[in-house]
Q: 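Attaching a single structure in structure tokens format; questions to follow.
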Amino acid sequence: MSESGKPLNFLEHLIEEDLRNGFKKELLRFRFPPEPNGYLHIGHASSICLNFGLGLRYGAPVNLRFDDTNPTKEEQEYVDAIKLDVEWLGYSWAKECYASDYFQQLYDWAEDLIRAGKAYVDSQKSEDIAKQKGTPTEAGVASPYRDRSVAENLELFRKMKAGEFPEGAHVLRARIDMASPNMLMRDPVMYRILHRSHHRTNTEWCIYPLYDWTHGESDYIEQVSHSLCTLEFAPHRELYDWFLDQVVEFDKVRPKQREFARRNLSHTVVSKRKLLQLVQQGFVKGWDDPRMPTISGLRRRGCTPEALRNFAQTIGIAKRDNVVDVALLDFHMREHLNRVAPRVMAVLDPIRLVITNYEEAKVEWLEAENNPEDPQAGSREIPFSRELYIERDDFREEANRKFFRLRLGGEVRLKNAYIIKAEEVRKDAGGNILEIHCTYDPKSKSGSGTEESLRKVKGTLHWVSAPHAIEAEVRLYDRLFSDPTPDSHKDRDFLEFINPESLTLVRAKVEPGLATAQPGDRFQFQRMGYFCLDPDSTPGNLVFNRTATLRDTWAKLEQNEE
RNA sequence: UGGCCCAUGGUGUAAUUGGCAACACUACUGAUUUUGGUUCAGUCAUUCUAGGUUCGAGUCCUAGUGGGCCAACCA
């Protein structure tokens, strides 16, 4: 059953087993159930890829269901953002569902539970109910209201619904077992009174169901066959099943909850609360700041949906605690971008280079390959002239043999252009290099086929023609936290590990063709990395975000020698 | 001092359900290269511990150790 020999994760094994035991493949159905109270992050991406991936594998529908039972935290803004993120990842849901669509059905079932003596209205304060819950090692005690009559319960519950009580006056509780070793089974609250406007039902309801009562029943209503959630819900499964027991009919699919470990990413935090904190306290500029592990942040940074999907596929799904190295995400971004990103030349830290034997006002338009990995990508023409910019790091007055770049008296190839030789440097009074003066070999033009053009020189540099270059703002992003697991330290706050150099702004010189780039366009700045045009860009002020650097074995070499 | 879950290289996941521990990333070698990129080749493990069952255990059993989760009118 496993197509293409791909190994199955434990959930796929479970489904295969269900299928072998006679569960009909046509009845498979999944869902992705976000709460619209924040932006989706890379952990959600994993869950999306899991559920929609299962849908694709088995040809089963996957619903997008908003778990919108808490009007105090949920907003339409988040619904819209979530839909955009799921679509951007490349998935289509079968139905767009809302738990709030089921409020009436849930209410009717709740009345049934009351009639069956399986739910009661408790009129105590929240703190008292909490106290009576007991502890993991001690049984709870029964509420004084636990044995109210059905008639009284029904009457109170209806009045709750009718808005006759203030918030906190009563709750509806399931009547299960105050001594259960599972605290969730100690008469969990099903409904609370909330005089709040809901983003979809407005003020129609003033009682709202809680997660446990809502989620499984929503799965059942939608006939979801496998309801997958993260590990912290494992203890909820017993309650999920208990609630289901109260409503299932024999000819319907009974949803099955199974749990997997959330994916943790190194050098970041993946918790809505902490991400919110980063936004609210101004450590980042918003939910879609390119340093954020949110889907919107990754998108803005220039990550592709393919890269994210491949990443999710590679890290897989299991039950053990994990910290996925962010280097793996970088790998997948590079891996995809290498295939699709057009090459372009941009100098991030420019220094002027003058070719003294090149004619003063001459301009040559040289052919440059757009992507050596993709012949279909074609080529473009770039201007070459007497004055250029090269990367400051690419020149040294003196250097050892390992330095393949330009040094005084040394030769280097200018990418797509000529071989040049550094003759002298001009400095200011303070000894800072102002200009590098070079000569070029006119016969060494790239692609000309001459003997001189075929000469092997060790280094190749990127460059831009000074009179033609356009300026651009480039935002160099680095990991947000310097510690691999910032939120795992017992006595230290994760904010202490913020990397002060997570963003560096730079004024770069880029080749003129970039003037027409559109926000979202992705490029490889040759020898520098992958970059994406930011929505902050205006026609006169290009802004690029660094998506990922290129692998840099030279930087490693240098570092190891220090 | 209750219940539940988990344990395989530095990291993440596999192992045809009891049959030579595999894949990817990282790191390190080397080759190729007009991107110090890409590509290619190679190196890196007593499967947490101790017993047991078995011809044979990463897989099954027992005990231990370590980690995680559970006491919101959040999801």
Side-chain angles (χ1 to χ4, degrees), chain A residues 2 5-9 13 33-35 37 67-70 72-74 122 125-126 129-131 133-140 167-168 170-173 180-184 186 188-194 207-208 210-212 214-215 229-238 259 261 263 266 272 313-325 327-332 334-335 338-339 343 345 369 372-373 402-405 413-417 419 446-447 453-462 484 524-529 549-557 560:
Chain A
S2 73
K6 256 185 292 174
L8 305 184
N9 63 45
H13 279 298
E35 183 190 10
N37 70 342
D67 230 332
D68 56 349
T69 57
N70 187 354
T72 63
K73 292 204 272 184
E74 294 150 5
D122 198 335
K125 282 189 301 200
S126 159
I129 293 177
K131 262 181 238 155
K133 278 244 156 127
T135 69
T137 52
E138 298 165 87
E167 289 184 11
H170 308 277
V171 291
L172 183 74
R173 287 229 257 171
S180 171
N182 182 347
M183 306 261 322
L184 290 157
R186 324 243 260 226
V189 175
M190 295 170 68
Y191 278 94
R192 78 286 216 189
I193 297 168
L194 244 31
I207 55 172
Y208 290 90
L210 276 95
Y211 169 84
D212 287 299
T214 310
H215 201 90
C229 60
T230 45
L231 238 34
E232 65 270 26
F233 289 97
H236 294 246
R237 187 150 114 197
E238 190 181 359
E259 311 83 17
R263 315 319 294 179
S266 76
K272 271 189 205 169
Q313 176 66 237
T314 304
I315 64 179
I317 290 292
K319 293 187 78 165
R320 53 174 159 165
D321 293 341
N322 59 85
V323 183
V324 180
D325 194 333
L328 187 60
L329 212 213
D330 291 338
F331 166 79
H332 281 286
R334 291 190 191 111
E335 199 263 335
N338 177 50
R339 286 182 279 130
R343 271 56 169 175
M345 292 203 280
E369 203 177 10
E373 303 299 315
K402 283 187 188 164
F403 186 77
F404 300 162
R405 307 173 182 191
R413 155 78 63 186
L414 291 178
K415 180 82 185 165
N416 302 313
I419 294 173
S446 285
S453 75
L454 268 15
R455 271 177 58 211
K456 296 284 176 202
V457 277
K458 194 63 187 164
T460 301
L461 306 186
H462 63 281
Q524 185 197 93
F525 289 180
Q526 283 199 309
R527 303 210 302 138
M528 295 282 99
T549 60
L550 254 28
R551 279 185 67 215
D552 191 348
T553 50
W554 166 242
K556 260 180 227 158
L557 236 173
N560 291 344

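Below, chain A is the first sequence line, B the second, and so on; all start at residue 1.
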Q: Could you tell me which residues satisfy ring-ring contact (aromatic ring centres under 6.0 Å, His included) with A/His462, sequence neighbours excluded, listed by chain and number?
A: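 Applying ring-ring contact (aromatic ring centres under 6.0 Å, His included) to A/His462 gives none.
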Q: Write down the distance separating the C1' atoms in B/U59 and B/G3, rounded off to the nearest Å.
A: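 Per the computed distance, 26 Å lies between those C1' atoms.
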Q: For residues A/Thr314 and A/His332, report the shortest heavy-atom separation together with the two atoms involved.
A: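 That would be OG1-NE2, 3.0 Å.
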Q: Quick check: do A/Arg237 and A/Leu184 have side-chain heavy atoms less than 4.5 Å from each other?
A: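 Not touching, per the 4.5 Å side-chain cut-off.
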Q: Return the polar atom pairs (N/O with N/O) between nucleotides 18-23 of chain B and the protein under 3.5 Å, or none.
A:
none

Q: Quick one: salt bridge (charged side-chain N to carboxylate O under 4.0 Å, His left out) partners of A/Arg527, sequence neighbours excluded?
A: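 So A/Arg527 forms a salt bridge (charged side-chain N to carboxylate O under 4.0 Å, His left out) with A/Asp394.
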Q: Any base atoms under 4.0 Å from A/Phe404, or only sugar-phosphate, or nothing? Heavy atoms, all strands.
A: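 The answer is base, as A/Phe404 lies within the cut-off (heavy atoms under 4.0 Å) of a base atom.
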Q: Roughly, in whole Å, what's the span from CD in A/Glu335 to P in B/U26?
A: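 About 11 Å, once rounded to whole Å.
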Q: Looking at residues at least two apart in the chain, or sitting in another chain, which of them share a salt bridge (charged side-chain N to carboxylate O under 4.0 Å, His left out) with A/Asp330?
A: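 Listed in chain order: A/Arg301, A/Arg479.
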Q: If I pick the C1' atom on B/G12 and the same atom on B/C55, what distance separates them, to the nearest angstrom?
A: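 Pairwise C1' distance, B/C55 against B/G12, rounds to 35 Å.
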Q: Measure the spacing between CZ of A/Arg173 and CZ of A/Arg186 and express it to the nearest 0.5 Å.
A: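 If we round to the nearest 0.5 Å, A/Arg173:CZ and A/Arg186:CZ are 11.0 Å apart.
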Q: Provide the closest heavy-atom pair for A/Arg343 versus A/Asn338 in the form atom of the first, atom of the second, distance.
A: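 Closest heavy-atom pair between A/Arg343 and A/Asn338: NH2-OD1, 2.6 Å.
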Q: Please state the C1' separation for the pair B/C48 and B/G68 - nearest whole angstrom.
A: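 Going atom to atom, C1' in each nucleotide, I get 16 Å.
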Q: Between A/Lys556 and B/A27, does any side-chain N or O lie under 4.0 Å from OP1 or OP2?
A: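 It does, given that an N or O in the side chain of A/Lys556 lies less than 4.0 Å from OP1 or OP2 of B/A27.
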Q: Might you point out which heavy atoms bring A/Tyr191 and A/Ile207 nearest each other, and give the distance in Å?
A: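 For A/Tyr191 and A/Ile207, the tightest heavy-atom pair comes out as CD2-CD1, 3.9 Å.
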Q: If we only count heavy atoms from C-beta on, is the A/Leu194 to A/Glu167 side-chain gap below 4.5 Å?
A: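 Side-chain contact under 4.5 Å: yes.
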Q: For RNA chain B, please output the secondary structure as dot-bracket, reading 5' to 3'. Pairs are Watson-Crick or G-U wobble, both atom distances under 3.5 Å; mark crossing pairs with [ ], other-strand partners with |, unpaired with a dot.
A: .((((((..((((.....[..)))).(((((.......)))))....(((((..]....))))))))))).....
Q: Parallel, tilted or perpendicular, judged at 30° and 60°: which one describes the rings of A/Tyr211 and A/Phe233?
A: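 Geometry flag for A/Phe233 against A/Tyr211: tilted rings.
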Q: Write down the distance separating the P atoms in B/A31 and B/A15, rounded off to the nearest Å.
A: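 It comes out at 38 Å once rounded to the nearest Å.
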Q: Using a cutoff of under 3.5 Å, can you pull out all pairs of nitrogen or oxygen atoms linking the protein to nucleotides 57-59 of chain B, with atom names and distances?
A:
none

Q: Please list each protein N or O that sits under 3.5 Å from an N or O in nucleotides 31-35 of chain B, with the distance.
A:
from	atom 1	to	atom 2	distance (Å)
B/U34	OP1	A/Lys456	NZ	3.1
B/U34	OP2	A/Lys456	NZ	3.3
B/U34	O2'	A/Lys415	NZ	3.2
B/U34	O2	A/Asn416	N	3.4
B/U34	N3	A/Arg413	NE	3.4
B/U34	N3	A/Ser446	OG	2.3
B/U34	O4	A/Arg413	NH1	3.1
B/U34	O4	A/Arg413	NH2	3.2
B/U34	O4	A/Ser446	N	3.4
B/U34	O4	A/Ser446	OG	2.6
B/U34	O4	A/Gly447	N	3.4
B/U35	O2	A/Gln524	OE1	3.0
B/U35	O2	A/Arg527	N	2.9
B/U35	N3	A/Gln524	OE1	2.6
B/U35	O4	A/Arg343	NE	2.5
B/U35	O4	A/Arg343	NH2	2.9

Q: Starting from P on B/C40, measure out to CZ on A/Arg551 and report it in whole angstrom.
A: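 After rounding, the gap between these two atoms is 12 Å.
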Q: With rounding to whole Å, what would you report as the distance between B/U26 and B/C44 at their C1' atoms?
A: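 That atom pair is separated by 11 Å.
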Q: Determine the Euclidean distance between corresponding C1' atoms of B/G52 and B/U43; express it in Å to zero decimal places.
A: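 Result for the C1' pair: 38 Å, nearest Å.
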Q: Shortest non-hydrogen contact from A/Arg263 to A/Asn322?
A: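 Between these two residues, the closest heavy atoms are CA-OD1, 3.5 Å.
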Q: With the 90 degree cut-off around zero defining syn, does B/U59 come out syn or anti?
A: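 With its glycosidic angle more than 90° from zero, B/U59 counts as anti.
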Q: Identify whether any heavy atom of A/Lys131 sits under 4.0 Å from a base atom; if not, whether one sits that close to sugar-phosphate; answer base, sugar-phosphate or nothing.
A: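 No contact at all - A/Lys131 keeps every heavy atom at 4.0 Å or more from the nucleic acid.
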Q: With a 4.5 Å limit on heavy-atom distance, are the side chains of A/Arg413 and A/Ser446 in contact?
A: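 Yes. Closest side-chain heavy atoms under 4.5 Å.
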Q: Rounded off to whole Å, could you give me the CZ-to-P distance for the A/Arg334 and B/A24 pair?
A: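 About 18 Å, once rounded to whole Å.
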Q: How long is the line joining CD of A/Glu369 and C1' of B/U38, in whole Å?
A: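 After rounding, the gap between these two atoms is 12 Å.
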Q: Using atom P in both nucleotides, what's the gap between B/A50 and B/G66 to the nearest angstrom?
A: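 About 16 Å, rounded to a whole number of Å.
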Q: With rounding to the nearest 0.5 Å, note down the distance linking CD in A/Gln524 to CZ in A/Arg339.
A: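 Between A/Gln524 CD and A/Arg339 CZ, I get 14.0 Å after rounding to 0.5 Å.
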Q: Just by modelled atom types, is the A/Asn182 backbone N or O under 3.5 Å from a matching donor or acceptor in the A/Ser180 side chain?
A: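 Side chain of A/Ser180 to backbone of A/Asn182: a pair is present.
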Q: Tell me every residue that passes salt bridge (charged side-chain N to carboxylate O under 4.0 Å, His left out) with A/Asp68, counting only those two or more places apart in sequence or in another chain.
A: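 Checked A/Asp68 against salt bridge (charged side-chain N to carboxylate O under 4.0 Å, His left out); zero matches.
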Q: For A/Asn37 and A/Glu74, work out which heavy atoms get closest and say how close.
A: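 Scanning both residues completely, I find the closest heavy atoms to be CB-CG, 4.1 Å.
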Q: Name all residues meeting the salt bridge (charged side-chain N to carboxylate O under 4.0 Å, His left out) criterion together with A/Lys131; count only those two or more places apart in sequence or in a different chain, and write none if there are none.
A: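 Once residues adjacent in sequence are excluded, the partners of A/Lys131 under the salt bridge (charged side-chain N to carboxylate O under 4.0 Å, His left out) criterion are A/Asp128.
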Q: Walk along nucleotides 70-75 of chain B from 5' to 3' and tag each nucleotide B, S or - by protein heavy-atom contact under 4.0 Å, base first, then sugar-phosphate.
A: SB-BBB
Q: Looking only at heavy atoms, what is the nearest atom pair of A/Ile129 and A/Val171, with distance?
A: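 Shortest heavy-atom separation between A/Ile129 and A/Val171 comes out as CD1-CG2, 3.9 Å.
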Q: Send over the distance from A/Leu461 CG to B/G37 P, rounded to a whole Å.
A: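 So the two atoms are 15 Å apart, to the nearest Å.
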Q: Can you measure from OG1 (A/Thr69) to CD (A/Glu35) and round to the nearest 0.5 angstrom?
A: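 Going from OG1 on A/Thr69 over to CD on A/Glu35, the span is 6.5 Å.
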Q: Please state how far atom NE2 in A/His332 lies from atom C1' in B/U11, giving the value in whole angstrom units.
A: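 After rounding, the reported distance stands at 12 Å.
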Q: Please tabulate the protein-to-nucleotide N/O contacts below 3.5 Å involving nucleotides 12-14 of chain B, giving atom names and distances.
A:
from	atom 1	to	atom 2	distance (Å)
B/G12	OP1	A/Val323	N	3.2
B/G12	O3'	A/Arg263	NH2	3.0
B/G12	O2'	A/Ile315	O	2.7
B/U13	OP1	A/Arg263	NH2	2.7
B/U13	OP2	A/Arg320	NE	3.2
B/A14	OP1	A/Ile317	O	3.1

Q: Going by the rule ring-ring contact (aromatic ring centres under 6.0 Å, His included), which residues pair with A/Phe331 if we only count those two or more places apart in sequence or in a different chain?
A: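 Testing A/Phe331 for ring-ring contact (aromatic ring centres under 6.0 Å, His included), a comparison that skips the adjacent residues, returns none.
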Q: What integer number of Å spans the C1' atoms of B/U46 and B/A41?
A: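 Result for the C1' pair: 28 Å, nearest Å.
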